[in-house]
Amino acid sequence: TMPHCRSAPSRGDAPPSRRRRRRRACLVGGTTSWTVMMLVVVVPAGSSRGIALATEHSDPDDATLSSQNWTTLHNGVRIPRVGLGTAGRLGSESVAAAFAEGVRLFDTARAKEWYDEGAVARALEDPRDRAASIVVTKLHPRDHGYHACRAAIEDSASRFGGYVDVFLLHYPRCWDGLCGAGWQQRVEGTWLDSYNAARQALADGLVRAVGVSNVGVGDLRELLSENSEKNDRAVVPHVVQNWMDPFHQDREVRAFCAARGVQYMAYSTLGTQWLMAAAQGRRENPVAASRELRAIAESRGATPVAVALAWAVQRGAVVVPRSSRVEHIRANAEVLRLVLTDAELEAVDALDGTLDRNTAETVAATFVADERAELFWVSDDAKLAKVADLDPAAGPVRITTYRGHVFRAVSSVNGDTVPPPTTTFTVTAAPGAEQIFHLRKRERRRSPTTDADDHAAQDSSEDEEL
């Protein structure tokens with residue numbers, strides 16, 4: 001495997017591929033990409049061209065080359081403009097399939113609830129595949145603090161051959177639903193401590209670029225103001241990763257990044273955040289269903305998904321769409337072939353904020369428990385994702401969520417009841433309101449008949465809307 005390196009490996013040092021399919025994916029004007037990359041002029045660290053887009057184009061007959069278009073960060077590190085998101089614990093088979101299709105940017109995270117960092121590592125275990133790839137991973141906020149963050153970076157680096165290409169802070173802060181009740185006693189420090197640890201890891205060669213995710217302009221100003229030398233390029237993040245789609249364009253953060261040469265990386269560009277909200281009964285993806293995007297797509301022989309991705313890339317973002325299907329991975333990698341006109345770009349720009357405002361507003365859900373229990377979020381396909389531990393001694397758990405979301409509390413109290421009692425809560429409050437759910441202590445019944453009755457009785461919502 002690649003040894004731990006003090007200086008990050010150059011993309012130009014990557015050897016040519018061993019397989020014909022991959023070699024075809026590297027052809028640029030008849031020259032392999034590792035040769036072309038050696039000719040790229042590295043942008044100085046202080047340059048304002050931090051979000052400049054690559055301009056070279058590829059042989060139109062090459063089905064995988066579009067993913068070889070790269071952009072340069074303000075420290076000279078180059079990353080692809082289109083990658084693969086791996087949320088939903090995408091497996092190594094899908095990552096390997098994406099690599100075979102020419103994808104070279106892989107977005108993962110240390111949040112085991114949503115990502116499988118190890119699966120990405122296994123797919124890139126061949127040193128030559130790893131050297132040809134850019135890996136983005138993210139720190140879970142439960143590991144905030146200088147020493148905790150440093151340990152997390154070293155762990156991720158060891159998984160990926162001694163270094164991580166881009167290391168981000170997944171969220172600037174904890175809350176009960178993300179880090180569990182009582183996180184205030186467990187988390188070592190702040191996100192600013194973590195960022196300092198990431199900067200030191202950059203200096204030590206453990207990472208090649210650093211940044212933050214899920215932040216606003218206020219967070220970014222706070223991050224920069226922590227250093228007295230405001231113009232120090234070593235302080236400015238290389239990457240900011242936020243939610244961006246045609247209906248949620250995050251313009252303020254994008255403008256802040258562009259003015260400082262920070263590369264904006266978009267997640268959920270295909271509208272999946274709206275489905276997660278499920279507010280007011282929304283069950284269709286507004287990006288896929290958009291009449292405006294469909295009209296552009298039909299005139300170009302494309303899909304609304306391709307139009308959304310092409311728009312984001314042409315507006316300066318790096319995109320990391322998630323898919324486990326090879327045909328979708330291939331189509332996403334082809335998005336750079338679709339060049340929208342100025343009029344088409346402006347038509348997509350005009351979609352920002354046009355969805356019903358209520359669909360984007362949150363509900364403050366508070367869970368009060370008379371007994372210990374585990375709290376799970378229930379997805380539309382009935383899968384459970386743990387979000388918090390309920391404990392009367394720890395006090396209420398507060399979660400920012402959306403109307404229509406469903407939660408299930410499973411008792412943690414020892415007893416002979418199998419399965420343990422459960423209570424289901426459905427968020428019904430109007431967006432912007434607060435809703436209180438009360439998990440009451442239940443009498444245990446051991447009879448199979450009464451157990452069934454008990455579960456049926458508890459599968460209901462007890463709440464108070466404020």
Side-chain angles (χ1 to χ4, degrees), residues 82-90 107-109 111 113-115 136 138 141 168 170-173 175 177-178 212-217 219 239-254 257 264-290 292-293 303-313 315 317-324 328 332 335 348-349 351-365 377-381 383 385 387 399-407 427 431-432:
V82 180
L84 177 73
T86 63
R89 295 185 60 82
L90 201 67
D107 177 65
T108 184
E113 307 94 315
W114 310 310
Y115 292 85
V136 180
K138 299 180 281 292
L168 308 178
H170 208 154
Y171 288 89
R173 299 168 188 87
W175 67 88
L178 185 62
V212 291
S213 179
N214 295 300
V215 292
V217 168
D219 297 318
V239 175
V240 166
Q241 186 186 91
N242 271 10
W243 168 25
M244 172 191 177
D245 70 33
F247 298 99
H248 182 275
Q249 297 182 15
D250 201 23
R251 294 189 183 189
E252 188 179 10
V253 172
R254 286 166 51 210
C257 291
Y264 187 95
M265 183 178 292
Y267 72 78
S268 292
T269 311
L270 305 185
T272 52
Q273 288 295 311
W274 299 102
L275 289 180
M276 290 177 64
Q280 294 188 335
R282 179 179 295 281
R283 286 296 181 269
E284 68 176 2
N285 186 324
V287 172
S290 167
E292 293 82 359
L293 295 180
T303 65
V305 163
V307 172
L309 290 174
W311 161 80
V313 171
R315 287 307 190 207
V318 168
V319 295
V320 285
R322 187 260 190 208
S323 182
S324 59
H328 291 169
N332 292 342
V335 70
V348 180
D349 289 341
L351 296 177
D352 190 25
T354 59
L355 288 183
D356 183 350
R357 291 291 182 181
N358 285 340
T359 64
E361 294 178 2
T362 59
V363 173
W377 172 69
V378 184
S379 68
D380 286 344
D381 56 359
K383 293 182 179 178
V387 294
I399 295 176
T400 300
T401 185
Y402 299 88
R403 183 174 182 175
H405 271 193
V406 177
F407 294 86
V427 179

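No experiment lies behind these values; they were computed from the predicted model shown.
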What closest approach, in Å, do V335 and A306 show between heavy atoms, and which atom pair accounts for it?
CG2-O, 3.4 Å

NZ/NE/NH1/NH2 to OD/OE distance under 4.0 Å, D107 and R322
no

Is there a donor-acceptor contact under 3.5 Å from the side chain of D352 to the main chain of Q249?
yes

CZ/R315 to CZ/R251 distance, rounded to the nearest 0.5 angstrom?
8.5 Å

For the student: nearest non-hydrogen atoms of V212 and L168, plus distance:
N-CD2, 3.8 Å

Restricting to side-chain contact (heavy atoms from CB on, under 4.5 Å), what partner residues turn up for N214, sequence neighbours left out?
H170, Y171, Y267

Going by ring pair (Phe, Tyr, Trp, His ring centres under 6.0 Å), name the residues that satisfy it together with F247, two or more places apart in sequence or in a different chain.
none

Using the test side-chain contact (heavy atoms from CB on, under 4.5 Å), find all partners of P304 that sit at least two apart in sequence or belong to another chain.
L293, R294, A297

Rounding to 0.5 Å, atoms OG (S290) and CG (N285) come to a distance of 10.0 Å

Check for a donor-acceptor pair, side chain of S213 on one end and backbone N or O of Q241 on the other, with a separation under 3.5 Å.
yes

Mind checking side-chain contact (heavy atoms from CB on, under 4.5 Å) for E113 and listing every partner two or more places apart, or none if nothing turns up?
A111, H140, R142

Backbone N or O of G271 within a donor-acceptor pair of the S268 side chain at under 3.5 Å?
no

Which residues pass the side-chain contact (heavy atoms from CB on, under 4.5 Å) test with V406, sequence neighbours left out?
V378, T424, T426

Does the pair V240 and V253 meet the rule for a side-chain contact (heavy atoms from CB on, under 4.5 Å), with working shown?
CA-CA 9 Å; V240 166; V253 172; 4.1 Å; yes

From H248 NE2 over to W243 CH2, what is the distance, rounded to the nearest 0.5 angstrom?
4.5 Å

Considering all heavy atoms of both residues, which atom of L90 and which atom of S323 are nearest to each other, and what is their separation?
CD2-O, 3.6 Å

By salt bridge (charged side-chain N to carboxylate O under 4.0 Å, His left out), R173 pairs with (sequence neighbours left out) D219, E222

Residue of the set L351, L270, T354 for which side chain to side chain contact (heavy atoms under 4.5 Å, CB included) holds with P246:
L351

Shortest non-hydrogen pair, N332 vs L309, comes out as OD1-CD1, 3.5 Å

Return the CG to CG distance between D250 and N242, rounded to the nearest 0.5 Å.
4.5 Å

Do the non-hydrogen side-chain atoms of P321 and L84 ever get within less than 4.5 Å of each other?
no

Any donor and acceptor pair, going by atom type alone, linking the side chain of K138 with main-chain N or O of T108 inside 3.5 Å?
yes

Are the side chains of I399 and W377 in contact, using a 4.5 Å heavy-atom criterion?
no

Rounded distance [0.5 Å steps], OH in Y115 versus CZ in R89
12.0 Å

